[in-house]
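Have a look at the structure below before the remarks.
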Amino acid sequence: MKAEKVAFAGGELDRQAHRRADTARIARDPASRILPLWKGRVLVSGDETTRLITLPPDHPALAIASGEQVFLGAADGVDMLTHDFSAWAPELVDGQDSSPGFWGQPQSASELPDLPADARFADLRLLAAELSPLEAETAATARGVLEWHRSHQFCATCGAASEITDGGWQRICPSCNRRHFPRTDPVVIMLVTRGNKLLMGRSKGWPEGFYSLLAGFMEPGEPIDAAVRREVLEESGIKTGDVRILDSQPWPFPASLMIGCHAEAISDEIIVDPTEMEDVLWITREEALDIHAGLHPQISPLRHGAIAQFLFTKWLADRVD
C-alpha cells in the first residue's frame with residue numbers, strides 16, 4: 001500500500017523574498033496572476049479536476065477586493081499575488097448560510113464578473129488532495145498570510161494600528177516602529193502505537209464519525225518529544241516512551257506547522273479528559289484497514305492530504321521505520 005503525499009508541503013513555490021519591496025510594480029505587471037481568497041476560502045473551478053482560478057491585474061472582479069495585495073513569489077516562473085475578497089457580500093440563495101462553518105460549504109462566485117459558471121470559493125482543507133502540489137502550497141501560503149493580516153492589525157506592543165510593508169510579509173507600527181512578522185504555531189501530531197494497535201480520538205464538535213490522531217500545540221520552551229508525551233498523557237492517559245519525528249506539514253488553519261511524530265506507548269489503559277476529548281480508543285490494524293476502505297461502522301476514512309492520513313497509511317502499510 002502506498003502512503004498518501006502530505007498536502008501543502010510541495011516546496012515548489014519560489015518565494016523570492018528579495019523582490020517583496022517591488023510588490024506594487026509586480027501587481028501592475030499584466031503577466032502577474034492574482035489568487036482571490038474570500039473568508040479564507042480559495043477561488044476554484046472544475047468538477048472532476050479542480051483547479052485554482054487566478055486573475056490578471058486588470059480583471060474586473062478585483063474591483064471588490066479589499067486590503068493590500070501580498071506577493072507570494074513565483075510559481076512555474078509566473079509572479080503570484082493574493083488579494084482578500086472578504087468584503088464581498090454575496091446574495092443568499094434559498095436562505096443558504098455563507099459562513100465558513102466547520103469545513104465550509106462552497107460559495108458560488110457566479111455573481112462576480114467574467115468568471116467561469118462553476119467558479120466558487122471553497123474550503124482549502126477539502127481541496128488538499130485535489131490540487132497539484134504547487135497549487136496547494138501557493139493557496140496555503142496565501143491563506144496563511146492573509147489570515148495573519150486579518151488577526152494582527154494592531155501593534156502588540158503599543159496597541160496602535162499597524163501598516164503592511166515588505167510586500168505583505170511584515171507589519172510596522174507607525175507609533176513605536178515595532179515590526180511584526182507572520183507567525184507559525186508548532187503542533188505535534190502523534191502516531192501512537194502499541195504492538196498491533198493505534199490510538200485515535202475525536203474532539204467535541206467534530207463531524208459524526210470523524211476520528212484522527214491525537215495532536216496539540218507545543219508550549220514555550222518545550223522540546224518536541226516532551227510535547228508529544230505531555231499531549232498524549234493529557235488527552236488519553238496513555239504514557240509514551242521513544243518519540244521520533246516522521247514528517248511535517250504546513251497547516252494554515254489558521255497558522256500551524258504540524259510535526260508528525262511516532263510515539264511508542266508504554267501503557268494501555270485509556271483515561272479520557274472530557275475537557276480535551278470526546279472519545280479516545282485503540283484500533284487494531286484490521287480495524288484500520290476497514291477505516292481506510294470506508295467500511296468501519298464507527299469511524300470515517302481520514303481526510304486525504306492531511307498529515308494524519310499520511311501517518312495512518314504509513315503505519316497501515318508497515319512503513320514506519
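Throughout, numbering of the chain's residues begins at 1 and tracks the sequence. Just so it is clear, the structure is predicted and the values come from calculations on it, not from any experiment.
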Could you check if a side-chain atom of K39 sits within less than 4.5 angstrom of a side-chain atom of Q107, using non-hydrogen atoms only? no

Under 3.5 Å, is there a donor-acceptor pair between the side chain of T82 and the main chain of L35? yes

Side chain to side chain, F121 and P90, heavy atoms closer than 4.5 Å: no

Step by step, work out the side chain to side chain contact (heavy atoms under 4.5 Å, CB included) result for I259 and M218. CA-CA 10 Å; I259 304 171; M218 294 182 61; 4.1 Å; yes

Let me confirm one number: the CH2-CD distance from W88 to E111, rounded to the nearest 0.5 Å. 5.5 Å

If only atom types and distance count, is the side chain of R51 paired as donor or acceptor with the main-chain N or O of S45 below 3.5 Å? no

Under 3.5 Å, is there a donor-acceptor pair between the side chain of S32 and the main chain of I26? yes

Could you check whether any side-chain N or O of H262 sits under 3.5 Å from a backbone N or O of L246, counting only pairs where one atom can act as donor and the other as acceptor? no

Is it the case that one hydrophobic cluster holds both Y211 and V192, taking links as side-chain heavy atoms less than 4.5 Å apart, direct or via other members? no

At what distance, to the nearest 0.5 angstrom, does CD of E234 lie from CG of L214? 11.0 Å

Is it true that F253 and L146 fall in one hydrophobic cluster, defined by side-chain heavy atoms closer than 4.5 Å? yes

For the side chain of E147 and the backbone of P254, is there at least one donor-acceptor N/O pair under 3.5 Å apart? no

Nearest-0.5 Å distance, CD of residue E286 to CG of residue L316: 9.5 Å

Under 6.0 Å from the CD atom of E208, do we count more than 12 heavy atoms belonging to anything else shown? no

After noting the C-alpha distance and the side-chain angles of C155 and S175, does the key distance pass the side chain to side chain contact (heavy atoms under 4.5 Å, CB included) rule? CA-CA 9 Å; C155 177; S175 177; over 6 Å; no

Heavy-atom closest contact (I64 atom, A87 atom, distance): O-CB, 4.3 Å

R25/D22 salt bridge by N-O under 4.0 Å criterion: yes

Geometric class of the F8/W251 ring pair [parallel <30°, tilted 30-60°, perpendicular >60°]: tilted

Atom CZ in R303, atom CZ in F310: separation rounded to 0.5 Å? 16.0 Å

Any ion pair linking D79 and R19 (charged N to carboxylate O, less than 4.0 Å)? yes

Taking all non-hydrogen atoms of both residues, which atom of L213 and which atom of A308 are closest, and how far apart? CD1-O, 3.8 Å

Consider only side-chain heavy atoms of I, L, V, M, F, W and Y, link residues closer than 4.5 Å, and tell whether I34 and F85 are in one cluster. yes

Do S256 and F217 come close enough that some side-chain heavy atom pair is under 4.5 Å? yes

Between T157 and C173, does a side chain to side chain contact (heavy atoms under 4.5 Å, CB included) hold up when you go through it step by step? CA-CA 9 Å; T157 300; C173 176; over 6 Å; no

How many angstroms lie between CD1 in I291 and NE2 in H296, if you round to the nearest 0.5 Å? 4.5 Å

Minimum heavy-atom separation for C261 and L311, please, with both atom names. N-CD1, 4.4 Å

Counting only pairs under 3.5 Å, give me each side-chain donor-acceptor contact of residues 56-63, with atom names and distances, residues two or more places apart or in other chains.
| from | atom 1 | to | atom 2 | distance (Å) |
| --- | --- | --- | --- | --- |
| H59 | ND1 | A61 | N | 3.0 |
| H59 | NE2 | D114 | O | 3.0 |

Any non-hydrogen side-chain atom of Q153 less than 4.5 Å from a side-chain atom of R171? yes

Given 3.5 Å as the limit, does a donor-acceptor pair link the side chain of Q309 with the main chain of H304, or not? no

Output, in order, the C-alpha distance, side-chain angles, deciding distance and verdict of side chain to side chain contact (heavy atoms under 4.5 Å, CB included) for R33 and T138. CA-CA 12 Å; R33 305 294 292 184; T138 302; over 6 Å; no

So, E137 side chain and L13 main chain: donor-acceptor pair closer than 3.5 Å or not? yes

R285 to W315, cation-pi by 6.0 Å centre distance and 45° axis angle: yes

When clusters are formed by joining ILVMFWY residues with side-chain heavy atoms under 4.5 Å apart, either directly or through shared neighbours, do M190 and I283 land in the same one? no

With a 4.5 Å cut-off on side-chain heavy-atom distances among I, L, V, M, F, W and Y, is there a chain of contacts connecting W148 to V42? no

With a 4.5 Å cut-off on side-chain heavy atoms, are E12 and D76 touching? no

From K314 NZ over to D247 CG, what is the distance, rounded to the nearest 0.5 angstrom? 7.5 Å

So do L55 and L115 actually touch side chain to side chain, heavy atoms under 4.5 Å? yes

Donor-acceptor pair, side chain of D14 and main chain of G73, under 3.5 angstrom: no

Please name the pair of heavy atoms, one in A263 and one in V243, separated by the smallest distance, quoted to 0.1 Å. CB-CG2, 4.2 Å

Keeping the roles fixed (side chain from Q249, backbone from V6), state whether a donor-acceptor pair exists under 3.5 Å. no

Are any of the side-chain heavy atoms of R41 and R120 separated by less than 4.5 Å? no

Looking at A75 and L134, what are the two nearest heavy atoms and their distance? CB-CD2, 3.8 Å

Among side-chain atoms of R15 and T141, is any donor-acceptor pair under 3.5 angstrom? yes

Taking side chain as C-beta onward, heavy atoms only, is P174 less than 4.5 Å from E163? yes

Which pairs would a plain distance check flag for residues 267-275, meaning a side-chain donor or acceptor within less than 3.5 Å of a matching protein atom at least two apart in sequence or in another chain?
| from | atom 1 | to | atom 2 | distance (Å) |
| --- | --- | --- | --- | --- |
| S267 | OG | K239 | N | 2.9 |
| D268 | OD1 | R194 | NE | 3.0 |
| D268 | OD1 | K197 | NZ | 2.8 |
| D268 | OD2 | R194 | NE | 2.9 |
| D268 | OD2 | R194 | NH2 | 3.4 |
| D273 | OD1 | T275 | N | 3.0 |
| D273 | OD1 | T275 | OG1 | 2.7 |
| D273 | OD2 | T275 | OG1 | 3.1 |

Could you report the tightest heavy-atom contact between G209 and R202, atom names first, then the distance? N-NH1, 3.7 Å

So does T284 get a backbone contact from the side chain of E287, meaning a donor-acceptor N/O pair under 3.5 Å? yes

